[in-house]
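Basis for what follows: all heavy atoms, side chains included, without hydrogens, waters or symmetry-related copies.
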Amino acid sequence: MTYIPYGKAANGPWSVEITPSVAGWTYSGLRVVDLGSAPVSFETGEEEMLVLPLSGSCAVSFGSTRWELAGRGSVFDGPTDFAYIPISTHVTLEGSGRIALPSARATRTLEPRHVPASDVPVEIRGAGQASRQVNNFCAPDVFECDKLMAVEVLTPGGNWSSYPPHKHDTPNPGEAVLEEVYYFEVADQGLGYQRVYSSERGQIDTLAEVSSGDVVLVPYGYHGPSMAAPGYDLYYLNVLAGPAGERSMAFCDDPRHAWIRSSWDGQELDPRLPFGRTS
């Protein structure tokens, strides 16, 4: 099970519930909830979690702490503030909007934190039709977690991201072993495409047409490109975790396509970037 269309991973209050057991792996997870009139309460259990508004805003309550997350109108409006919730915590969410909860099985109990949107680093990668924006809100060198890593990638319509194709599945120097979730939103009810294919680690063959709420799981193999159809800007939330003691998103390009990076020299960045605010 690699491609999961919207609705196929729904369970209880969650419009998307990807646990390690659902994915058939060990660490990475993701939940998405559409908040409305009723609060949603849950236990983090053995997972550390982030509370990340995709659209709208919410209040996060646990113990004697209550944080108001300002959120955003949509994922294309720039980074959002977010909260970190440690393992073994009872949490209640209240508000209105679509809220993502990236997660990873963890063993250390870290302090809960609320991070303002202004502290989220925004990076523009690639060039030409490979130009894309990365909101590095939970990258390893930006935000401390035990196992969890997460970033947001925004690709203007007609562009490719997650490109050249790469993998995180072999414990080599310069490559981390990771389980990865792609969660998609597409502007204007549009569509995009995601490719995942085999590496030395194992056989996998996915070319999925994706729309808002869809998920693609990458247990191993090369993944990319992520293709934004012309006219439709593409967003995806990447959630990653793995067995290493030190968090890293290190990757290995498919050697057949690694030359693509040098082709960006001298190309202009897409002027449609960045999306939303950058401070």
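- The main-chain N or O of Met227 is never found under 3.5 Å from a side-chain atom of Arg195 such that the two would form a donor-acceptor pair.
- Rounding to the nearest 0.5 Å gives a distance of 12.0 Å between CG of Leu207 and OG1 of Thr2.
- Contact detail for Leu237 and Leu30: the closest heavy-atom pair is CD2-CD1, 3.9 Å.
- Scored by the side-chain hydrogen bond (donor to acceptor under 3.5 Å, both in side chains) test, Tyr163 finds no partners at all (sequence neighbours excluded).
- Legend: residues meeting ring pair (Phe, Tyr, Trp, His ring centres under 6.0 Å) with Phe76, ordered by chain and number and at least two apart, are Phe275.
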Would Trp160 and Tyr193 count as a side-chain contact (heavy atoms from CB on, under 4.5 Å) here? Give the steps.
CA-CA 10 Å; Trp160 287 18; Tyr193 295 88; over 6 Å; no
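- Counting heavy atoms from C-beta on, the side chains of Pro243 and Thr26 never come closer than 4.5 Å.
- By the rule that hydrophobic residues join a cluster once side-chain heavy atoms approach within less than 4.5 Å of another member, Ile260 and Val134 end up as members of separate clusters.
- Side-chain contact between Leu93 and Val60 is present, with at least one heavy-atom pair separated by less than 4.5 Å.
- Proximity of a side-chain donor or acceptor of Asn135 to a complementary backbone N or O of Phe137 within less than 3.5 Å is not detected.
- The shortest side-chain heavy-atom distance between Val120 and Phe82 falls under the 4.5 Å cut-off.
- By the salt bridge (charged side-chain N to carboxylate O under 4.0 Å, His left out) test, Glu209 pairs with no residue at all, sequence neighbours left out.
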Verify side-chain contact (heavy atoms from CB on, under 4.5 Å) between Asn159 and Arg272, making sure each step is shown before the conclusion.
CA-CA 11 Å; Asn159 286 9; Arg272 293 173 290 178; 3.5 Å; yes
Between Leu217 and Val181, does the side-chain contact (heavy atoms from CB on, under 4.5 Å) criterion hold? Intermediate values first, please.
CA-CA 5 Å; Leu217 303 179; Val181 179; 4.1 Å; yes
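- Atoms CG and OG1, on Leu69 and Thr80 in that order, are 6.5 Å from each other to the nearest 0.5 Å.
- With Ser226 contributing its side chain and Gly224 its backbone, the two residues share no donor-acceptor pair below 3.5 Å.
- Expressed to the nearest 0.5 Å, how far OG1 of Thr170 lies from CZ of Arg201 amounts to 7.0 Å.
- Distance CD/Glu43 to OG/Ser41: 9.0 Å, rounded to 0.5 Å.
- To the nearest 0.5 angstrom, Leu234 atom CG is 12.0 Å from Arg132 atom CZ.
- Between the OH atom of Tyr222 and the CG atom of Asp169 there is a distance of 7.5 Å, given to the nearest 0.5 Å.
- By the 4.0 Å N-to-carboxylate-O rule, Arg113 lies too far from Glu111 to be salt-bridged with it.
- Pairs of residues two or more places apart, or lying in two chains, that qualify as side chain to side chain donor-acceptor pair (under 3.5 Å) and include a residue from residues 229-255 are Glu152-Tyr235, Ser161-Tyr236, Glu180-Asn238, Tyr197-Asp254, Asp253-Arg261, Asp254-Arg256.
- Looking at residues two or more places apart in sequence or on another chain, you find no salt bridge (charged side-chain N to carboxylate O under 4.0 Å, His left out) involving Asp265.
- Cluster annotation: Val32 is not connected to Phe42 through the hydrophobic network of ILVMFWY side chains, with a link wherever side-chain heavy atoms come within less than 4.5 Å.
- Between Met149 and Leu178, some side-chain heavy-atom pair lies under the 4.5 Å cut-off.
- Counting heavy-atom neighbours within 6.0 Å of Gln129 CD, excluding the residue itself, gives a total of 12 or less.
- Shortest non-hydrogen contact noted between Ser131 and Pro156 is O-CD, 3.6 Å.
- Nearest heavy-atom pair across Ser55 and Ser74 is CB-CA, 4.2 Å.
- Under the 3.5 Å distance criterion, the side-chain polar atoms of Ser198 are matched with a main-chain donor or acceptor of Ile204.
- Under the 30°/60° scheme for interplanar angles, the aromatic rings of His166 and His168 are found to stand perpendicular.
- With hydrogens and angles disregarded, a donor-acceptor distance shorter than 3.5 Å links the side chain of Arg72 to the backbone of Gly78.
- Looking only at side-chain heavy atoms (C-beta outward), Val91 and Thr44 come within less than 4.5 Å of each other.
- At least one side-chain heavy atom of Lys167 sits under 4.5 Å from a side-chain heavy atom of Glu175.
- Both Val75 and Leu273 are part of a single hydrophobic cluster, where members link through side-chain heavy atoms under 4.5 Å apart.
- The side-chain heavy atoms of Ser96 and Leu35, taken from C-beta on, include no pair separated by under 4.5 Å.
- Glu48 contributes a side-chain N or O that, together with a main-chain N or O of Leu148, makes up a donor-acceptor pair within less than 3.5 Å.
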Passes side-chain contact (heavy atoms from CB on, under 4.5 Å), Ile18 versus Ile4? Steps please.
CA-CA 10 Å; Ile18 304 295; Ile4 307 176; 3.6 Å; yes
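- Between Cys58 and Val51 the shortest heavy-atom distance is SG-CG1, 4.0 Å.
- Between the side chain of Asp214 and the backbone N or O of Phe184 there is no donor-acceptor pair closer than 3.5 Å.
- Hydrophobic clustering of Ile, Leu, Val, Met, Phe, Trp and Tyr side chains at less than 4.5 Å, counting indirect connections, keeps Val215 apart from Val196.
- Taking a cutoff of 4.0 Å between a charged side-chain nitrogen and a carboxylate oxygen, Glu179 and Lys147 do not qualify as a salt bridge.
- Between Trp14 and Val40 the shortest side-chain heavy-atom distance falls below 4.5 Å.
- By the rule that hydrophobic residues join a cluster once side-chain heavy atoms approach within less than 4.5 Å of another member, Val239 and Met49 end up as members of separate clusters.
- Listed by first and then second residue, the ring-ring contact (aromatic ring centres under 6.0 Å, His included) pairs involving residues 84-111 are Tyr84-Phe143 (not counting sequence neighbours).
- Closest of all the heavy-atom pairs between Trp25 and Ser28 is NE1-O, 2.9 Å.
- Taking each heavy atom of Ala150 and Leu50 in turn, the nearest pair found is CB-CD1, 4.3 Å.
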